[in-house]
There are 2 protein chains.
Amino acid sequence: MDIKIIDVAVKAGVSAATVSRVLNGNASVKTRTREKVERAIVELGYHPNAVAKNLRSQKSMTIGIIVPDVNASYYTEMIKGIENMAYSRKYKVIICDAENDRDKELAYLNLLLSRTVDGMILATPSLTDDEISGFSDKGYSVALVGRRIEHDKVPCIFTDNVKFSKEVVYHLVGQGYRDIVFLSGYAETVDSYERLEGYLKGLKEHQIPFRPELVENGNFNETGGYEAMIRLFDKKLTFTAVYAANDEMALGVYRACRERGIRIPEQLAIVGVDNNRVSKYLNPTLSTVNQPKYAMGAVIAEKLIDQMNDDEFSDVKIFKVDSELIVRGSSDCRLSG
Amino acid sequence: MDIKIIDVAVKAGVSAATVSRVLNGNASVKTRTREKVERAIVELGYHPNAVAKNLRSQKSMTIGIIVPDVNASYYTEMIKGIENMAYSRKYKVIICDAENDRDKELAYLNLLLSRTVDGMILATPSLTDDEISGFSDKGYSVALVGRRIEHDKVPCIFTDNVKFSKEVVYHLVGQGYRDIVFLSGYAETVDSYERLEGYLKGLKEHQIPFRPELVENGNFNETGGYEAMIRLFDKKLTFTAVYAANDEMALGVYRACRERGIRIPEQLAIVGVDNNRVSKYLNPTLSTVNQPKYAMGAVIAEKLIDQMNDDEFSDVKIFKVDSELIVRGSSDCRLSG
DNA sequence: ATTCAAAATGAAATCGATTTCAACAACAGA
DNA sequence: TCTGTTGTTGAAATCGATTTCATTTTGAAT
């Protein structure tokens with residue numbers, strides 16, 4: 001049913017090899033022959049079969065990304081960075097949404113591991129460091145986002161969670177808030193762990209005793225933030241500020257506050273993380289930590305592609321990037337009008 | 001470097017054919033043989049090469065989606081629906097972000113056309129109806145989102161833009177707003193065209209004369225909405241309401257209003273489309289049209305997969321779904337406190 | 001006109017799996 | 001024990017391209 005290379009060859013009166021040479025343009029073909037072949041390609045509407053091509057040439061010029069949730073702007077904006085860098089290097093990008101489900105994560109990992117792509121960017125937490133090292137050792141090109149492993153062939157990029165979390169605490173304390181809730185994402189992720197660490201250090205440097213009951217877990221989404229806040233309210237604890245692990249969870253905090261009639265920031269200050277596109281439209285506007293998502297995507301894509309091509313000129317593999325606190329109305333009364 | 005099927009075969013003392021049979025589990029293999037093979041697979045850490053498999057079996061159990069922007073929740077929520085339906089039918093999903101760029105769109109289309117996937121869902125506007133029909137006729141499985149073509153093998157799903165646009169106008173007129181701006185997305189898309197049509201019909205049914213100067217184009221994003229509004233303000237036109245082609249553009253309207261000190265909804269009412277996850281958190285909360293994005297994704301994925309498998313039991317291919325107007329503070333003073 | 005290197009081309013091998021087909025083994029029934 | 005059916009297995013063909021290697025053409029230099 002499909003037109004194959006041999007059909008083009010017959011129509012142009014040449015061999016399949018010659019058609020292939022025209023297609024790939026790296027060997028010498030006489031101008032007249034080339035023209036005949038090109039005409040045949042157009043007339044037959046020939047589309048090379050990428051599967052066969054990839055099998056033979058052992059590459060696909062494609063990189064794959066596995067993200068935990070395509071609905072999270074943190075990832076989609078990073079994807080934009082990856083996408084554009086990849087495109088400029090002639091790579092295509094395919095995106096897989098693991099939906100925070102370990103089974104799907106493994107299913108998509110298997111898809112990528114079975115050579116459908118030349119390299120992969122993993123933004124998912126489920127694999128162990130050893131497993132990732134193992135993939136690299138077996139010849140797969142891997143790069144990581146949001147975590148690091150010590151391996152000289154695995155580029156990693158992540159933000160300095162500890163640093164900006166301390167800054168969040170500094171800021172809140174500076175505004176007079178001392179009883180600060182930490183609303184963690186999935187407790188077992190590196191991001192959550194490090195943000196907790198920064199939160200603890202921040203408290204310590206201000207001699208504020210740590211109250212474990214002020215740490216609650218959510219799951220990085222609105223519902224998780226809402227439910228965690230309801231739990232906290234129902235425990236009748238005293239607190240005056242919330243540091244939410246991301247803006248999405250902060251939305252849930254807004255909802256809980258609205259339900260309970262609590263005014264932001266007078267009665268409760270809120271700081272999120274991510275600088276979601278809409279955070280400046282909330283009421284009040286949401287203080288948050290801006291992460292250079294697009295740039296992170298572009299950098300990790302570039303390093304992965306370099307690695308895939310054995311371009312050894314870049315030997316730095318570990319990128320820790322700084323994030324910036326953006327103070328808005330949810331944590332500063334002067335800005336909340 | 002990689003372990004191949006023949007390596008497993010040698011290790012297990014059988015032929016490659018037998019290993020393949022164990023792998024795919026559809027032919028009979030003695031239990032003892034099966035165990036030997038399974039042990040060899042585990043011991044060698046064998047991963048089948050999907051590219052070779054796909055070439056031979058002429059399928060990949062994968063469907064591809066091309067969206068104009070992965071950053072738009074309209075698409076990501078639909079992707080969730082596609083993803084879950086596909087997963088339940090043992091299909092994987094790869095997502096391509098064409099970034100509203102015709103070249104990328106064609107590049108990704110070519111990727112999908114070259115048999116990397118078994119079927120594709122297109123949510124991009126750049127192809128003509130004839131081109132799409134042509135793909136289907138050539139044996140490619142295609143489904144469409146947000147547009148329709150008349151072809152008995154191409155499932156299509158879209159919302160009744162005319163209907164809900166008329167409802168938006170009814171609602172605004174009912175609230176006393178008669179000078180209604182229509183902020184269109186890309187003018188050339190079907191969605192934009194039909195929404196304009198609904199807007200015009202809505203006006204007509206209320207005997208409100210159409211003022212062409214109240215129609216502005218944006219590009220479905222925040223910046224587009226903002227810039228269009230600034231243009232309108234600068235023209236010193238009189239208008240009291242804005243119907244924005246999506247919530248993202250409505251955000252831009254909010255920004256423009258804030259800059260110009262215009263109160264929503266007292267001085268200007270706003271209605272968007274999409275029911276973006278955050279629209280109910282805006283200040284004031286945004287009136288919008290809820291589209292059943294997840295369900296639309298699930299339905300189109302199911303129909304595409306049926307089509308791919310020639311399951312003729314479902315002969316309905318065209319799905320027009322209804323959307324629901326959600327009235328909130330941005331267009332109703334009573335709700336805007 | 002002859003020679004010879006360089007350019008152009010085709011036949012066949014190859015990528016790594018699946019699948020067909022034929023051969024062989026196992027086992028039930030006579 | 002023999003026959004026939006069913007169940008297992010392997011050799012070889014196949015998917016559709018690229019690439020190697022050998023061969024033929026070309027064209028410049030003599």
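This is a predicted model, so every value here is computed, not measured. Residue numbers begin at 1 in each chain, while the letters A, B, ... track the order of the sequences.
Separating the NZ atom of B:Lys59 from the C1' atom of C:dT19 is a distance of 13 Å, rounded to the nearest angstrom. As rounded to whole Å, 17 Å separates atom P of C:dA17 from atom CD of B:Gln58. Atom P of nucleotide C:dC15 and atom CG of B:Asp7 are separated by 12 Å, given to the nearest angstrom. Regarding A:Ile6, its CD1 atom lies at a distance of 14 Å from the C1' atom of D:dC15, rounded to whole Å. Counting to the nearest Å, the C1' atom of D:dC15 and the CD1 atom of A:Ile3 are 16 Å from each other. One interatomic measurement links the two molecules: CD1 of B:Ile5 to P of C:dT19, which rounds to 11 Å at whole-angstrom precision. Between the NE2 atom of A:His47 and the P atom of D:dG16 there is a distance of 16 Å, rounded to whole Å. Counting to the nearest Å, the P atom of C:dG16 and the NZ atom of B:Lys53 are 16 Å from each other.
B:Val51 comes within 4.0 angstrom of nothing in the nucleic acid, heavy atoms only.
Within residues 18-36 of chain B, the residues having any heavy atom closer than 4.0 Å to DNA chain D are, in order of number, B:Thr18, B:Arg21, B:Ser28, B:Val29, B:Lys30, B:Thr33.
Residues B:Ser133 and B:Ser136 have side chains that never bring a donor and an acceptor to within less than 3.5 angstrom of each other. Between the side chains of A:Asp137 and A:His151, at least one donor N or O sits under 3.5 Å from an acceptor N or O. A donor atom on one side chain and an acceptor atom on the other are not found under 3.5 Å apart for B:Ser60 and B:Asn54. Side-chain contact of A:Asn84 with A:Tyr294: a donor-acceptor pair under 3.5 Å is present, judged by distance alone. Side-chain contact check for A:Ser141 and A:Gln307: no donor-acceptor pair (N or O, by modelled atom type) lies under 3.5 Å.
Ranked by how close their nearest DNA chain D nucleotide is to the 5' end, B:Ala17 and B:Leu55 are led by B:Ala17.
The phosphate of C:dA17 has OP1 or OP2 within less than 4.0 Å of a side-chain N or O from B:Tyr46.
Distances were taken from every side-chain heavy atom of B:Arg56 (C-beta onward) to each of D:dG16, C:dA17, D:dA17; the shortest belongs to C:dA17. With distances taken from any side-chain atom of B:Ser15 to the nucleotides C:dA17, D:dA11, C:dC15, the minimum falls on D:dA11.
Side chain of A:Asn24 to main chain of A:Asn26: no donor-acceptor pair is present (N/O by atom type, distance under 3.5 Å, no hydrogens or angles).
Residue B:Asn100 holds its CG atom at 7.5 Å from CD of B:Glu105, rounded to the nearest 0.5 Å.
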